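As the structure is a computational prediction, the values presented were derived from the model and not from experiment. Position 1 is the first residue of the sequence, and the numbers go up from there.
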Amino acid sequence: MTTWFDPLVELYGLWTTELAERYLPIDGAPPAKYECVDGRLIMSPRGGSANSHATGELYALLREPARTAAHVAYSRINMVFDPQRWIEPDLAVLRHSAKNVTWVPAEQVLMSVEFDSRWDRRALCAAAGVPYFLRVEITDHEAHLELLRLDDSGRYVVQAKALAGQEFRTDLPYPLSFDPAVLLES
């Protein structure tokens, strides 16, 4: 009798960063974003072409201004809050270079960027003290950006926002200015 080990079933509620390094990505599973909340693995499909395009364009817009301010933009990281809790932001700006690590502590993240999430990661980021959270929503003909800043009470408040055709402008966490329309597929 052959016994099959299915990590999705056998490790439900027990996932840690150590187990993730051992068993992820899961053989035979489609490409996915792997995240974990309280030991429960969350697999999300990659976004469609509109989000992929917008992610690349936004990364290009964030990279140089972040570098000028002595920060580093990344296209994808594993942001870890504790061994049983991590997310994979679509983009992130770190306070300084991660230097070839797999698990980036949330304390090192200056800004987490999320595109059209199926679940809200803001509460995790706020609880960890991530100073900025950028929400991006892309539809066929619309782009909406909302930059949130962590206030003294530990809650996110709107720092800047704009729709396609408007100017998205902020001086914090570093100067940025562009029309969200540049994120749309042509």
Are side-chain heavy atoms of Ile138 and Leu184 found at a separation under 4.5 Å? yes

Check whether any side-chain heavy atom of Pro89 lies under 4.5 Å from a side-chain heavy atom of Val113, and answer yes or no. no

Are the side chains of Leu58 and Leu134 in contact, using a 4.5 Å heavy-atom criterion? yes

Hey, does the side chain of Tyr34 reach the backbone of Glu88 with a donor-acceptor pair shorter than 3.5 angstrom? no

Side-chain (His71) to main-chain (Arg95) donor-acceptor, under 3.5 angstrom: yes

For Ala106 and Val130 the tightest heavy-atom approach is O-CG2, 3.9 Å

For Phe115 and Leu91, which heavy atoms make the closest approach, and how far apart are they? CE1-CD1, 4.3 Å

CZ on Arg122 to CZ on Phe133, rounded to 0.5 Å: 6.5 Å

Indicate whether any N or O donor in one side chain lies under 3.5 Å from an N or O acceptor in the other, for Glu185 and Ser49. yes

Cluster overlap Val136 with Phe178, hydrophobic side-chain contacts below 4.5 Å: yes

State whether the number of non-hydrogen atoms from other residues, nucleotides or ligands found under 6.0 Å of Asp120 atom CG is greater than 12. yes

Answer yes if Leu172 and Leu61 sit in the same cluster of Ile, Leu, Val, Met, Phe, Trp and Tyr residues linked by side chain heavy atoms under 4.5 Å apart, and no otherwise. yes

When you look at Glu114 and Arg135, which way does the salt bridge (Lys or Arg N to Asp or Glu O under 4.0 Å) test go after all the steps? CA-CA 5 Å; Glu114 293 293 335; Arg135 291 183 58 230; over 6 Å; no

When rounded to the nearest 0.5 angstrom, what distance separates OG in Ser75 from CG in Leu62? 11.5 Å

Tyr23 and Trp15, any side-chain heavy atoms less than 4.5 Å apart: yes

Does the side chain of Ser112 come within less than 4.5 Å of Asp90's, by heavy atoms? no

Derivation of the side-chain contact (heavy atoms from CB on, under 4.5 Å) call for Leu163 and Phe168: CA-CA 8 Å; Leu163 296 170; Phe168 177 81; over 6 Å; no

Would Leu8 end up clustered with Trp86 when hydrophobic side chains under 4.5 Å apart are linked, directly or stepwise? yes

Please examine the side chains of Asn78 and Thr17, heavy atoms only from C-beta on, and report whether any two atoms are closer than 4.5 Å. no

Check this for me: His96, atom NE2, are more than 12 non-hydrogen atoms of other residues, nucleotides or ligands nearer than 6.0 Å? yes

What I want to find out is whether Glu35 reaches Arg85 closely enough, with some N-O distance under 4.0 Å, to be called a salt bridge. no

If hydrophobic clusters are built from ILVMFWY residues whose side chains come within less than 4.5 Å, do Phe81 and Leu110 share one? no

Are Tyr74 and Tyr174 grouped together when hydrophobic residues (ILVMFWY) are joined by side-chain heavy atoms under 4.5 angstrom apart? no

Minimum side-chain heavy-atom gap Ile26-Met43 below 4.5 Å: yes

Count the heavy atoms of every other residue, nucleotide or ligand shown that sit under 6.0 Å from CD of Glu18, and state whether that count exceeds 12. no

Would you find more than 12 non-hydrogen atoms of other residues, nucleotides or ligands less than 6.0 Å from Lys33 atom NZ? yes

